[in-house]
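Heads up: numbering here begins at 1 and tracks the sequence.
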Amino acid sequence: MSETGGVREVKSAARTVELLELLAARGDRPARLQELADELGVPRSSMYALLQTLAARGWVRTDVTGSLYGIGIRALLTGTSYLDSDPRVRVVRPYLDEASEALGETIHMGRLDGRDVAYLATRESHEYLRTISRVGRRLPAHVGALGKALLAERPDTDLPDGPYEALTPHTHTTRASLAADLAEVRSRGYSVDREEGVLGIVGFGLALRYDDPAQDAISCSVPVARLTPGREERIVAVMREIRAKIEATAPATGGAAHWR
C-alpha cells in the first residue's frame, strides 16, 4: 500500500478519487461499467457498488437505462466552492476584468497542477466567443502561455523526458525544444504561445510571483488575425501592469490560509 507523508493510503478513498477523475476526464463521453472496471483494474462487482453509492449522493450520474455513467453535479458544486473560497482567485478576478476592458481580449488565470494547468478564472473577449468555458478545465503545461510561464519559474531538470503530447502542429513535443523556449521566457519575462494549444490563437503569459516558485499565472489570448507588432507590445505592457497590481494586492503567505 502506498504512503503519503508517512500515512498509509486508504485504498477505498483512493479508488473513489481515481474513478471521479476518470469520469471527469472523459467529459461528454459517458462510460459503461465494464470500461471503468477495466480502466481502474477493479472487479466488476466492486465497481458497480462504488458507482451506485456515488450516484446516490450525486457525484456520479447515469442514463435512464442505468448502463452509462458520467460525472455528477456534486463535482460542480464542490469545484465552485473551491473557486469561491480561494483568496488568490478573489484578488485576481477584478484585475482580469480590468485587463479585459483595457485590451478587449480573453484573459485567463490558471494554476499549475502536476504537469497540467487548471483554469480558475476567465474573462472572454466579445470579439472571440468560445462555446465552452475553460474554467475548471485542464491543459498540459507545455502547450500554453500559462503553463510555460510557470514552467519557466522552475529548473529544466523538472521537465519530463518526453515525447510530449501535441495539440497542434506547433506544440513542443521534445524536452530540448521546450527547454529552449523556456530559456527565452526567462530572458524576456513572459511566455508566448504561438498556436501551440489552439490553432489561430496566440497567448501571452506571466507568472504571478506571490509564491516561490510561482503556482499561478495570467494570460491574454488573441486571434492571429488581430495581432500586429504594435498590438503585441500593448498587450504585454498592460499584462505586466496587471501582474504588478495583483502581486501588490495578493494575500501574503502568512495571512489567510496558505494551501499547498
> Taking atom NZ of Lys245 and atom OH of Tyr95, what is their separation to the nearest 0.5 Å?
Replying inline: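 Lys245 atom NZ to Tyr95 atom OH measures 7.0 Å (nearest 0.5 Å).
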>> Under the ring-ring contact (aromatic ring centres under 6.0 Å, His included) definition, can you give me all pairs with a residue in residues 154-197, not counting sequence neighbours?
In response: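 ring-ring contact (aromatic ring centres under 6.0 Å, His included) check on residues 154-197 returns His142-Tyr164.
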> At their closest point, which heavy atom of Leu96 faces which heavy atom of Thr122, and how far apart are they?
Replying inline: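 Where Leu96 meets Thr122 most closely, the heavy atoms are CD1-N, 4.4 Å.
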> Are the side chain of Arg154 and the backbone of Ala214 linked by a donor-acceptor contact shorter than 3.5 Å?
Replying inline: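 Looks like yes, one N/O pair under 3.5 Å.
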>> Just verifying a value: how many Å separate Arg194 CZ and Thr171 OG1, rounded to the nearest 0.5 Å?
In response: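 If we round to the nearest 0.5 Å, Arg194:CZ and Thr171:OG1 are 14.5 Å apart.
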> Arg243 side chain to Ile218 main-chain N or O, any donor-acceptor pair under 3.5 Å?
Replying inline: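 It does not hold such a pair.
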> So, the side chain of Ser125 versus the backbone of Gly104: is there a donor-acceptor pair under 3.5 Å, distance only?
Replying inline: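 Here the side-chain-to-backbone pair exists.
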>> Can you tell me if Arg186 has over 12 outside heavy atoms packed within less than 6.0 Å of its CZ?
In response: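 Result for CZ/Arg186: enclosed.
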> More than 12 non-hydrogen atoms from neighbouring residues, nucleotides or ligands closer than 6.0 Å to CZ on Arg115, yes or no?
Replying inline: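 No.
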> Got a second to check how far Leu208's CG is from Asp216's CG, nearest 0.5 Å?
Replying inline: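 Nearest 0.5 Å value for the CG-CG distance: 6.0 Å.
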> Under 4.0 Å between a Lys/Arg side-chain N and an Asp/Glu carboxylate O for Arg209 and Glu153?
Replying inline: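 Result for this pair is yes, salt bridge flagged.
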> Checking salt bridge (charged side-chain N to carboxylate O under 4.0 Å, His left out) for the pair Arg88/Asp211: CA distance, chi angles, key distance, verdict?
Replying inline: CA-CA 11 Å; Arg88 300 286 174 69; Asp211 290 313; 2.9 Å; yes
> So how far is it from Leu51 CG to Leu19 CG, rounded to the nearest 0.5 Å?
Replying inline: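 That separation rounds to 5.5 Å.
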> Any idea which heavy atoms bring Asp156 and Ala179 closest together, and the distance?
Replying inline: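 What the structure gives for the nearest pair is OD2-CB, 3.7 Å.
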> Do you know which two heavy atoms are closest between Arg111 and Met109, and how far apart they sit?
Replying inline: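 Distance-wise, the nearest heavy atoms are NH2-CE, 4.1 Å.
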>> Looking at every non-hydrogen atom in both residues, tell me the closest pair between Lys148 and Asp193 and how far apart they are.
In response: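 Shortest heavy-atom separation between Lys148 and Asp193 comes out as NZ-CA, 4.1 Å.
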> Any donor-acceptor pair under 3.5 Å linking the side chain of Thr53 with the backbone of Ala49?
Replying inline: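 Answer holds: yes.
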> Any sub-3.5 Å donor-acceptor pair from Glu195's side-chain atoms to Ile201's backbone N or O?
Replying inline: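 No, the answer is negative, given that no donor and acceptor are paired below the 3.5 Å cut-off.
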>> Counting only heavy atoms not in Arg93 (residues, nucleotides, ligands), do more than 12 fall under 6.0 Å from its CZ?
In response: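 Counting other residues, nucleotides and ligands, CZ of Arg93 exceeds 12 neighbours.
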>> Ignoring hydrogens, what is the shortest heavy-atom contact between Val117 and Gly147? Give both atom names and the distance.
In response: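 What the structure gives for the nearest pair is CG2-CA, 3.4 Å.
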>> Name the residue from Glu39, Glu35, Glu21 that meets the salt bridge (charged side-chain N to carboxylate O under 4.0 Å, His left out) definition with Arg26.
In response: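 Single salt bridge (charged side-chain N to carboxylate O under 4.0 Å, His left out) partner of Arg26 among Glu39, Glu35, Glu21: Glu35.
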>> With a 6.0 Å cut-off (strictly less than), is the heavy-atom count around CZ of Arg61, excluding the residue itself, greater than 12?
In response: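 Not more than 12 within 6.0 Å, no.
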> Can you name the closest pair of heavy atoms from Val185 and Ala149 and give their distance?
Replying inline: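 The pair with the smallest heavy-atom distance is CG1-CA, 4.5 Å.
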